[in-house]
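Position 1 is the first residue of the sequence, and the numbers go up from there.
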Amino acid sequence: MALHRADELDSDAVAYRIFGATRDKKGWRATDIIGDAMRRKDWDRTESAWRVASRGYYAEQAGLVAAATLATHTEDAPLRFSLALATADEARHADAFYQYAKAIGGEPEPDAPETVEPLNEMLVSLPHMGRALVHTILEGLAADEFILFQEIFAGDPLGRLYEAVRGDEIHHIAIGLNYLGRVSKTREGAELWREHGQEWHDLGFNITSLDSISAKCGALTGRDPKRIKAWFVRRHRARLRAAGVEFTRGGEQK
């Protein structure tokens, strides 16, 4: 792994600003958010909160590994520096959900890791550019899901944890979109994008099990799962357009 020259870090002004925003953002502590509010065992959504937090503990670990791997295998200086910060964020997120799940249920749900193992296997199989795309897709859909979790668990520390975590994820999405926008315009990147971009996109979009997520969020909010899925898809497409990348076929339309 080659080290970067000093002039490479800020060679792209926008990418460096995104790094700076991630570097300088305000920190938060899970213990300050959780406090002593876990003592309310009669809360009607205690089990749902425990299961969601348990899943979050393992999902954020998957994000940590993905960000660290992308940082290690890139020659793009601002991406490497930005992803190093994102990796630390993901560790804090995983620990926050671990603390919550442990406080409310004793230990995280033991079956939760099975929900993210297919994701890890799929990411390992992709080249760096495809992995960056899939990771960014997953970060974006997770950030949208967190909006619903903030509503579902409003009044409980879990809702406030999701608000704090989502603030970090917004930075991570910007990191990924900026990189994809830049690398897909290089000669080598443009060729890879034409040949494999749609394939990578569909792999990433379909691994999310969006139908299941929409159904679960629908059950907890009382909303139509089909309308929730359509909302996810609209926001997903908007993010890709913001990066100058549009997909008009494949899994996102199902």
Side-chain angles (χ1 to χ4, degrees), residues 18-68 82-113 115-116 119 135-136 138-176 208 213 216-217 219-223 228 231-232 235:
I18 292 173
F19 162 69
T22 306
R23 177 197 62 209
D24 299 336
K25 62 185 172 61
K26 184 178 179 181
W28 53 271
R29 286 163 42 97
T31 52
D32 293 337
I33 296 173
I34 295 172
D36 295 325
M38 296 294 93
R39 311 307 170 208
R40 297 182 302 160
K41 295 296 184 181
D42 59 336
W43 187 47
D44 62 353
R45 286 189 172 172
T46 296
E47 183 176 0
S48 294
W50 172 67
R51 293 187 185 280
V52 167
S54 297
R55 190 186 70 163
Y57 170 58
Y58 293 105
E60 296 295 332
Q61 285 189 65
L64 183 160
V65 173
S82 296
L83 286 174
L85 297 173
T87 300
D89 285 344
E90 304 289 11
R92 183 169 64 253
H93 300 169
D95 178 62
F97 291 127
Y98 171 74
Q99 290 185 50
Y100 181 94
K102 191 172 182 180
I104 201 171
E107 291 292 339
E109 182 184 10
D111 295 334
T115 64
V116 297
L119 166 61
H135 180 61
T136 303
L138 296 177
E139 293 277 84
L141 292 173
D144 292 339
E145 185 181 29
F146 296 170
I147 294 174
L148 298 178
F149 285 160
Q150 287 174 236
E151 175 187 334
I152 292 165
F153 300 109
D156 184 86
L158 185 58
R160 295 194 295 277
L161 278 179
Y162 273 112
E163 181 180 6
V165 169
R166 185 175 184 275
D168 291 339
E169 301 293 3
I170 295 301
H171 288 272
H172 304 172
I173 296 164
I175 292 166
T208 62
I213 292 172
K216 290 176 181 177
C217 289
L220 290 169
T221 61
R223 297 174 186 166
I228 291 177
W231 175 79
F232 275 116
R235 294 177 66 87

Flag side-chain contact, heavy atom, 4.5 Å: Phe232 against Leu148: yes
Nearest heavy atoms of His135 and Ala66, plus distance in Å: ND1-CB, 3.6 Å
Residue pair Phe19 / Ser82: nearest heavy atoms and the distance that separates them: CB-OG, 3.3 Å
Val52 side chain near Tyr100 side chain, heavy-atom distance below 4.5 Å: no
Contact check, side chains of Phe149 and Leu161, non-hydrogen atoms, under 4.5 Å: no
Approximate separation, where rounding is to 0.5 Å, of Lys216 NZ and Arg51 CZ: 9.5 Å
Close side-chain approach of Asp144 to Trp231, heavy-atom, < 4.5 Å: yes
All side chain to side chain donor-acceptor pair (under 3.5 Å) counterparts of Glu163, not counting sequence neighbours: none
Close side-chain approach of Asp89 and His171, heavy atoms under 4.5 Å: no
Separation of Gln99 CD from Thr31 OG1 (nearest 0.5 Å): 6.0 Å
Smallest separation among heavy atoms of Ala53 and Leu158, with atom names: CB-CD1, 4.3 Å
Minimum side-chain heavy-atom gap Leu85-Ile175 below 4.5 Å: no
side-chain contact (heavy atoms from CB on, under 4.5 Å) between Glu90 and Glu139, worked out: CA-CA 11 Å; Glu90 304 289 11; Glu139 293 277 84; 3.1 Å; yes
CZ-CD distance between Phe146 and Glu151, expressed to the nearest 0.5 angstrom: 15.5 Å
Nearest non-hydrogen partners of Pro108 and Ala101, listed with the distance: CA-CB, 4.1 Å
Partner set under ring-ring contact (aromatic ring centres under 6.0 Å, His included) for Phe97, not counting sequence neighbours: Tyr162
Gap between atom CD1 of Ile228 and atom CD1 of Ile213 - 0.5 Å precision: 11.0 Å
Ala68: partners by side chain to side chain contact (heavy atoms under 4.5 Å, CB included), with sequence neighbours left out: Thr87
Spatial distance of atom CZ (Arg235) from atom CG (Leu141) [nearest 0.5 Å]: 10.0 Å
Cationic tip of Arg92 above Trp28 ring, under 6.0 Å, 45° of axis: yes
Pairs touching residues 94-105 that satisfy salt bridge (charged side-chain N to carboxylate O under 4.0 Å, His left out), sequence neighbours left out: none
Test side chain to side chain donor-acceptor pair (under 3.5 Å) applied to Asp24 - qualifying residues, sequence neighbours left out: none
Test item: Glu60 and Glu169 side chains (from C-beta on) under 4.5 Å apart, heavy atoms: yes
Smallest separation among heavy atoms of Ile34 and Ala96, with atom names: CD1-O, 4.0 Å
Set of side chain to side chain donor-acceptor pair (under 3.5 Å) partners for Trp50, sequence neighbours left out: none
Closest non-hydrogen atom pair between Ala143 and Ile173, with its separation: CB-CD1, 3.7 Å
Pro157 and Arg160, any side-chain heavy atoms less than 4.5 Å apart: yes
